[in-house]
Amino acid sequence: ALTLMVGIITSVFAALVVTRLLIEFAYKKKDTLNVGGVTFLNNKNINFLGYRKYGFIFSLAITFIGIGAVLFGGLNYGIEFKGGTVIEYNFDKNVNIEDVRASLTKVGYGNAEIQTFGDLKNIVIKIDTPEKLEETTQLLKNTLSESFQQQNNPNLESRIETVGPKIGKELKGDAYKSILWALFVILIYMGVRFRSVRFGVAAIAALFHDILVALGVFGMSGMEVSLSVLAAFLTIVGYSLNDTIIVFDRIREDSELHKKRSLIDLMNGSINATLGRTIMTSSTTLLSVLALFLFGGEVIHGFAAALLVGIFTGTYSTIYVASPILILWENYKAKK
């Protein structure tokens, strides 16, 4: 959270101060300036909201699929949330998970959760924290050393982390509370910014949609939900909200300039007007997150996966969740 906050502050400073200085310097050198742009998106008039019913149905479908995956399949919570002990082992050569499980079965830990970490030389074992932790970890170390002939390898056991079940339960509760509080504060902020609750409700619905889809992906894929993944969920909230505010701001501005235009025409015009910016922002963010996903290593894999889902859903939900809800709200008020 601290890293993201510092990043936001420094990026705003760079955009407002550093970028401006560089542009002024370039302009003084040439007396002209061509910053380019996504020209193929200029003056587009795509009827996005003409397909809003199909988008709404699709959103409901994937949301319910996600909820079903979480309710019936459950989430694979990390050690921070469910409690237990994580032990990381580094071997000299590649090892097979089934061979490791066979070795642990001999000492009564065949049901342990075993997975590779980075490559096949690194294995992570997760077990319920035993009463005699030191004796248990030594037993596992000796067993694996004998099975894989690594008696003289001092780096076999490289990391041990233990989280009690009570602390894990508290962390899980705090995690969901943090998301709900974030959504509540955003609702107030949107209401104040746009002087109308309807914009806040539409934005919150889109954020719920994005989080539920991301949770559904983790439920269906079995990827671990850790504290870093929670950070990604909160980042998705911020990313999606930013995209929604850009469109809603344009809607508010255009509604004052073109009072005779229908709401759908205003919203389509606003989405088209900001389409180039949306694509450029999403593309550059996608490249950064994709690099994290492919080359960041196992520790950051879940975080990057959640952000990849969030980039797509955050852009999509602005058009086909937040905007249709705003239209439904206005139509209901008009009929009433």
Side-chain angles (χ1 to χ4, degrees), residues 1-8 59-60 62-83 163 165-193 197-245 248 285 289 292-293 299-318 320-322 325:
L2 180 62
T3 303
L4 290 172
M5 286 190 292
V6 172
I8 290 170
S59 295
L60 286 174
I62 60 175
T63 300
F64 279 117
I65 291 172
I67 293 172
V70 173
L71 291 178
F72 297 105
L75 291 171
N76 177 25
Y77 286 108
I79 192 71
E80 306 99 322
F81 296 129
K82 64 183 179 182
V163 177
K166 185 176 180 181
I167 294 176
K169 187 176 180 180
E170 289 178 359
L171 281 173
K172 188 192 300 183
D174 290 343
Y176 288 114
K177 285 178 184 177
S178 65
I179 293 176
L180 292 175
W181 272 111
L183 294 176
F184 177 70
V185 173
I186 287 169
L187 178 62
I188 296 174
Y189 165 75
M190 293 289 286
V192 173
R193 180 184 178 90
V197 178
R198 66 185 187 277
F199 286 97
V201 171
I204 291 297
L207 298 183
F208 264 114
H209 165 270
D210 298 342
I211 293 174
L212 288 174
V213 171
L215 280 172
V217 169
F218 274 75
M220 288 185 286
S221 65
M223 287 188 291
E224 184 178 274
V225 178
S226 61
L227 283 174
S228 63
V229 171
L230 168 66
F233 287 162
L234 290 171
T235 306
I236 289 172
V237 168
Y239 180 86
S240 177
L241 180 67
N242 180 61
D243 191 67
T244 303
I245 286 178
F248 280 5
T285 309
V289 176
L292 272 180
F293 183 78
V299 173
I300 206 72
H301 192 264
F303 175 83
L307 286 182
L308 282 175
V309 175
I311 290 170
F312 288 106
T313 58
T315 304
Y316 166 86
S317 64
T318 298
Y320 288 113
V321 178
I325 287 176

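Counting from 1, the numbers follow the sequence of the chain as shown. FYI, side chains are in, hydrogens and waters are out, and symmetry mates aren't considered; it's all heavy atoms of this structure.
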Give the minimum heavy-atom separation between [X] and [Y], together with the two atoms involved.
X      : Y      : result
Val321 : Ser59  : CG2-OG, 3.6 Å
Ala214 : Phe233 : CB-CE2, 3.6 Å
Asn76  : Gly222 : ND2-O, 3.1 Å
Ala322 : Thr318 : CB-O, 3.8 Å

Can you tell if the side chain of [X] reaches within under 4.5 Å of the side chain of [Y], non-hydrogen atoms only?
X      : Y      : result
Ile311 : Tyr239 : yes
Ile179 : Leu234 : yes
Val229 : Met223 : no
Tyr316 : Val213 : no
Ile65  : Met220 : yes
Phe248 : Met190 : yes

Spacing of [X] atom [atom1] and [Y] atom [atom2] [to the nearest 0.5 Å]:
X      : Y      : atom1 : atom2 : answer
Phe199 : Leu187 : CZ    : CG    : 13.5 Å
Ile67  : Leu212 : CD1   : CG    : 5.0 Å
Leu307 : Ser228 : CG    : OG    : 9.5 Å
Phe293 : Leu308 : CZ    : CG    : 6.5 Å
Leu241 : Ile236 : CG    : CD1   : 13.5 Å
Leu183 : Leu207 : CG    : CG    : 6.0 Å

Do any pairs count as a side-chain hydrogen bond (donor to acceptor under 3.5 Å, both in side chains) and have a residue in residues 174-186, sequence neighbours left out, and if so which ones?
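Found Tyr77-Tyr176.
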
Please, which pairs that meet side-chain hydrogen bond (donor to acceptor under 3.5 Å, both in side chains) have at least one residue in residues 205-222, sequence neighbours excluded?
Asp210-Ser240, Asp210-Ser317

